[in-house]
Asks: 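Encoded as structure tokens, here's the structure I'll be asking about.
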Amino acid sequence: MILPLLLLYVVTLVYLSITERFRNFASLIGLQGWLLFGIALIRLHAANPAELLFVSLETLLFKGILVPWLLFAVIRRTRINRVRRSGSSQAGSLVLSVVALAVSASLTYYIADSTVDLVFFGVALYSLLSGLILIVLRQRIFSHMIGFLVIENGVFLFSTAIGVEMPLLINFAILLDILISVLMLGIFFTKIDDKLHADDADSLTNVKD
Amino acid sequence: MIVYLTASILIAAAAFFVRRERQLFLTGVLFYAVQAAFACAILFGGLYDTTSAAWFRFDAPGTLFYVLLCVVSAFAYFHSEAYLRDNDLIQTRAYSALVMLLTTAIAGSYFASNLAVTWIFLEATTLCSAGIIYHRRTAQTLEAAWKYVFVCSTGIAMAYLGILLLAAATDCGSLDYAAVAAAAPHGNALYLKIAFLLIVCGYSCKMELFPLYTVGIDANFAAPSPASALISTGLVNAGFLAIFRVYRLLAETEVFAWARSVLLIVGVLSLMIGALFLRRTNNYKRFLSYSTVENMGIAAIGLGVGGAGVWAAVFHVVCHTLIKSSLFLQMAVVRQVYNGYRINRIGDYIHINRVGAVGLLTGMVILVAFPPSPLFLSELMILRETIVGGRWWLVAGLLLLLCIVIYSFCSRMIRLCYQPNQDELHPSKVDRALSWSALSLLVAAMVLGLWQPDLLREVIDQIALL
């Protein structure tokens, strides 16, 4: 049951690399939240019931509902719809994403070891690389936020892979999500819009040598 | 530890709600009294080398850096009182509370005996630092705070992935440093390598090392100068200690030589960036921040060469804490005079504030490692260890980069003191007491250059024991 969810998660990552509209970004992050909820529920079913309840509820409420809601609120507030001002090909981004997928799969195959669930490791690595690609290739701050959330989701996914032995770690990961993502999305982004009127990263170049 | 954390957080929370400046001052006094009492309890009350709440341990590195943190943080806090005199109470109390919380979070990370707990406290430092960086509420400080939160969070997430991988590689079911160190020799070598790489990359944003050093520069630039003194020493030390603890737990593994090579490369790149940007920047605070990158690069090289280099790296970081905090506190006085830090505009400081200028020139001599600087000792030890290891290419590169650093530092500092001033002076009167106070930290560093107490030697010996 977990494998289809993980495959769907990989598909969302590939789709993130080619989509141009921020609404799609927000929807995909929301979908990833629900997928992670499902994965956590299945993966941690053997864990302490209280831990399982905490982790799955946190994942659902936070990653599945709160973060997408905040993302849509930001889109409504800033009225930015597209990744770039003019429409352009996303072929480069797609190629890089596929290369990242190939690198993740190869590395996972190369280090094949029984101590770690390799599928989880591979998908988490691909998630990390996808997030970094989004941050590096896209100009708008909103895309950078999405990149950060994708990295966070990857880390969460990997923590679930070894979380059966250490559920506390998952709580720590969720704590990170709550503290940082809400701060960045809810407070910082609105303040940036108020003070800098910045819809792309080019505007954030005042602090430099 | 729990009592300490609770007391510190409660006092910081009280500082958020004070209604008079006098109350804020008293809250600060109370906070640092708690820090002093805690330090005394560790050193003389039998807490040293014991564990607390299963997640903390009062070991040698934690204690040494905590004592330094108390000193630097107290200096930063009470200098801030003068620095922020013109601010309204709401801003000042938020700033003061955040400085207290940052100090507490850094202390938590020093004493953490668990990889995940270290990580949690380092994450908490990101939140506190972001508030301090945004203190002036301008577009520039907002940009710096945004970059800081964003890059640090991404870095910390990478470090977390590294920690998880380390846990998976060692398969020990606990993230206690001792447990992981015991299990590490049997761990998968490739996992250990990837984990170390991710942790070094992630924590480099805290230690102000290559590759994520840029956020530290921006943070120091945007934060009030006394807070920069804390960020570029106490917080940087937290990053150093986090990396050092992981470095130590790999000491018995087959990947240790590889990990040392990684630190060597990271150190050389940091030193290179620091040396080159010291020439390029036009802002004295960014200038001092690049000097931090350079010095942390030297510390990383010390860890990379190993042997006596490890002792030298720890000693280097300890002394750098005193020197750099002193220079940042002197810069706070410079701002009081010129209302800015532009290198190509401000000058003639020797005639405006002789004590401050002497402090800066002495700081320059000490920071570029001329005797009696303690950094002379540490850099000499690192160079000797490098020569013993037969890495002549590294010796040549280090000497060349250090020459660039010396030239850049001397030319910039002499310029501030002697070039004709082209900016208008700020109407407020110079507070020479602050210059004297900052100078005292420098004197402490010079004393360490001439004489290292046996206790300090023993503590560093314990820390450097791999």
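Naming convention: chains lettered A, B, ... in sequence-line order (proteins, then strands); numbering from 1 in each chain.
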Asks: Report the residues that fulfil ring-ring contact (aromatic ring centres under 6.0 Å, His included) with B/Y341, sequence neighbours left out, ordered by chain and then residue number.
Replies: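 If we apply the ring-ring contact (aromatic ring centres under 6.0 Å, His included) test to B/Y341, skipping adjacent residues, there are no hits.
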Asks: Do you know the tightest heavy-atom contact between B/A157 and A/V155?
Replies: O-CG2, 3.6 Å
Asks: More than 12 heavy atoms of other residues, nucleotides or ligands under 6.0 Å from CZ of A/F72: is that the case?
Replies: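 Yes, the 6.0 Å shell around CZ holds more than 12 heavy atoms from other groups.
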Asks: Enter the distance from A/S127:OG to B/L161:CG here, rounded to the nearest 0.5 Å.
Replies: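 So the OG of A/S127 and the CG of B/L161 are separated by 9.5 Å.
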Asks: CH2 of B/W146 to NE2 of A/H144: how many Å apart, nearest 0.5 Å?
Replies: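 Between atom CH2 of B/W146 and atom NE2 of A/H144 there are 9.0 Å.
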Asks: Using heavy-atom distances under 4.5 Å, tell me whether A/I135 contacts chain B through its side chain, its backbone, both, or neither.
Replies: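 Side chain of A/I135 only, per the 4.5 Å heavy-atom cut-off to chain B.
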Asks: What are the residues of residues 279-289 of chain B, in order of number, with any heavy atom under 4.5 angstrom from a heavy atom of chain A?
Replies: B/T281, B/R286
Asks: Report the option among B/T141, B/I217, B/T154 that has the most heavy-atom pairs separated by less than 4.5 Å from atoms of chain A.
Replies: B/T154
Asks: Got more than 12 heavy atoms from elsewhere within 6.0 Å of CD, B/E254?
Replies: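 Open: at most 12 neighbouring heavy atoms sit under 6.0 Å from CD of B/E254.
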Asks: In Å and rounded to the nearest 0.5 Å, what is the CZ to CD1 distance from A/F121 to B/I194?
Replies: 4.5 Å
Asks: Count the heavy atoms belonging to other residues, nucleotides or ligands that lie under 6.0 Å from CH2 of B/W258, then report whether that count exceeds 12.
Replies: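 It does: B/W258 CH2 has more than 12 such atoms within range.
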Asks: With only heavy atoms counted, which part of B/F277 is less than 4.5 Å from chain A, the side chain, the backbone, both or neither?
Replies: side chain
